[in-house]
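These notes are about the structure you will find just below.
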Amino acid sequence: MKAIWLVCSLALAGEVSTQEDCSYQSVLNYLNLTRINEMFTATRPVTDWTHPTVVNLDVYLYVILAVIEKSQTFVPFVWVTMEWNNELISWDPEQFCGISKVSVPREMLWHPDLTIMECTEDTDKIFQKPYIQFTHRGSVSIEDGLRVISTCNMDVYKFPFDTQSCVITFLSMIYTDSEIQLLPASNSSWLTRGSQKYLQTQGEWDFLNISVAKEKVFFNGQRWDSLKYTITIKRRPMLIVMHFLLPLLFFLILDLSSFLISDTGGEKLGFKVTVLLAISVLLLILNDILPATAGRTPLIANYCIVTFAFLLLSLLEAILVKHLIERDATAEDPPEGSHCKPEAENGNECSASCCMEDAAAVCERGRGSGGLRDSVSDAQLLQLAARKLQVLRRSCLTRMAGTGQPRLPYWEGVARRINTVYFCLYLLAVCSFLLFLVLEWTA
């Protein structure tokens, strides 16, 4: 009976042992991996301190949350995967029913203390997996979703047709390059395709590519390994074009069309002043859009300033033309040749000019005032009227231009010539400036 009981006990113990060997806990017991075992959490997991821990890193862009030009801040949500080797972990899967991978809470194993150099605020771990995985060969992997608030050196010269490249640099704050070596797990093309596949939203930006490069960081005579991920994005300009660039161009076209308005009235001046005030409002909007930059002045700022200058010069030219036209109306002594001069002939003729008056009426006035002799006959009066009509005819002919049109007053003619020349120069300058902007923006 004792022999039978002993055999049954051994069989039952073997069955229990077999069941335990097929559980994850049996692996942890074999490794002596517990929450309080500091061997796995306190230091780098190497058997020889001269062995560097190689960390393979991948970063995928998941969401572009914000790009703030005023503060030059780039806020992406990235997916980070890390993998390294733990020399303290190994087992034979055949001894544990083929178990080759185990997941444990994050705090049970050491993991690299990687940080982002460009962060301006604490990194918010929006999605952090509570478990960490390791294999029977000691390969440990971890994944994190990070909301990064980082600084980005932006070049807004071609705003809103600009392309920005923002950098996210990962490095260890404690371990030098002799202790931790960072390597990219994937190349730039693979990271770009992966980011384009999983990218959820981009806002007003288009994601172009992501590139990775390994660099050394020197500080206090020591070197650190770092991985530099450059995310290149391009702005979607349609909103700025429709709400800012096109209205500004329309105001410029309206100013060009104002040259068709008559210069004699005040409507032209009022129209130009209204357009100039509208440009001033757009300049206030531009001040809220553009960031403060110490580099080159953005093209859109030059566009606004030069357009404002064009309209200001156009207004000044309209004021000058208006002044010259009104000078003819107020001048007491117009220049020579602008109208007939008084002429005095013999005592038998009228003493006042008859150029712009009816000869017979003038002579009747002269006769009433005693300016003609009483002995003048009707024939002599007719001869006098004929001579005055000839003087009137010569005077009118001198006021005819070569085209057969009446000659304008002197200052009005000068004003029209100035207006014509200025319009040609103005149109040429506007077209040249717009062509320059298009070439710069598309370069």
Side-chain angles (χ1 to χ4, degrees), residues 247-283 304-344 350-362 365-366 388-434:
L248 203 60
L249 179 62
F250 293 157
F251 284 133
L252 193 58
I253 295 174
L254 284 176
D255 185 66
L256 286 170
S257 64
S258 67
F259 283 91
L260 301 177
I261 301 176
S262 174
D263 295 311
T264 56
E267 296 84 1
K268 186 174 183 179
L269 292 178
F271 180 81
K272 287 182 175 291
V273 169
T274 303
V275 174
L276 197 63
L277 292 176
I279 297 294
S280 302
V281 174
L282 288 180
L283 289 178
C304 293
I305 294 172
V306 174
T307 301
F308 189 86
F310 279 151
L311 268 66
L312 179 61
L313 292 176
S314 178
L315 177 61
L316 295 177
E317 187 270 343
I319 294 174
L320 175 63
V321 169
K322 179 69 174 176
H323 171 72
L324 293 178
I325 292 176
E326 291 180 349
R327 187 171 180 178
D328 273 328
T330 59
E332 295 181 358
D333 298 320
E336 182 180 358
S338 61
H339 69 281
C340 298
K341 296 185 295 181
E343 294 182 1
C350 301
S351 59
S353 174
C354 297
C355 280
M356 305 304 295
E357 300 178 17
D358 185 75
V362 172
R365 185 174 68 248
K388 291 303 178 183
L389 288 175
Q390 291 177 356
V391 172
L392 179 61
R393 179 176 179 273
R394 289 195 302 268
S395 176
C396 292
L397 288 176
T398 58
R399 298 181 63 190
M400 301 291 289
T403 59
Q405 299 296 327
R407 182 181 299 174
L408 295 173
Y410 178 76
W411 290 114
E412 185 177 350
V414 172
R416 292 202 175 186
R417 287 193 293 272
I418 291 176
N419 208 26
T420 302
V421 173
Y422 179 79
F423 176 76
C424 295
L425 295 177
Y426 186 56
L427 183 60
L428 179 62
V430 168
C431 294
S432 301
F433 177 66
L434 294 179

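Every residue was checked against the ring pair (Phe, Tyr, Trp, His ring centres under 6.0 Å) condition with Phe251, not counting sequence neighbours, and none meets it. The ring pair (Phe, Tyr, Trp, His ring centres under 6.0 Å) check on Phe423 picks up Phe259, with sequence neighbours excluded.
To the nearest 0.5 Å, atoms CD1 (Ile279) and CG (Leu312) are separated by 12.0 Å. Note that CZ of Arg417 and CG of Leu324 are 10.5 Å apart. Values are rounded to the nearest 0.5 Å. With rounding to the nearest 0.5 angstrom, the CG atom of Leu248 is 7.5 Å from the CG atom of Leu283. A distance of 8.0 Å separates CG in Asp263 from CZ in Arg416, rounded to the nearest 0.5 Å. The CG atom of Leu311 sits 11.0 Å away from the CG atom of Leu316 when rounded to the nearest 0.5 Å. Interatomic distance, Lys272 NZ to Leu254 CG, rounded to the nearest 0.5 Å: 10.5 Å.
Of the listed residues (Leu313, Asp255, Val421), just one forms a side-chain contact (heavy atoms from CB on, under 4.5 Å) with Tyr426, and that residue is Asp255. The only option from Leu276, Leu320, Val275 that meets the side-chain contact (heavy atoms from CB on, under 4.5 Å) definition with Leu315 turns out to be Leu276.
Looking at Thr307 and Val430, their side chains never come closer than 4.5 Å, going by heavy atoms from C-beta outward. Considering only heavy atoms from C-beta on, Phe308 stays 4.5 Å or farther from Leu282 through its side chain.
In this structure, Tyr422 contributes its side chain and Ser314 its backbone to a donor-acceptor pair below 3.5 Å.
Residue Ser432 comes nearest to Leu428 through the heavy atom pair OG-O, 2.8 Å, listed as atom of the first residue, atom of the second, then distance. In this structure, Lys268 and Ser258 approach most closely via the heavy-atom pair CE-O, 3.3 Å.
Pairs engaging residues 312-322 under the salt bridge (Lys or Arg N to Asp or Glu O under 4.0 Å) rule: Lys322-Glu326 [sequence neighbours left out].
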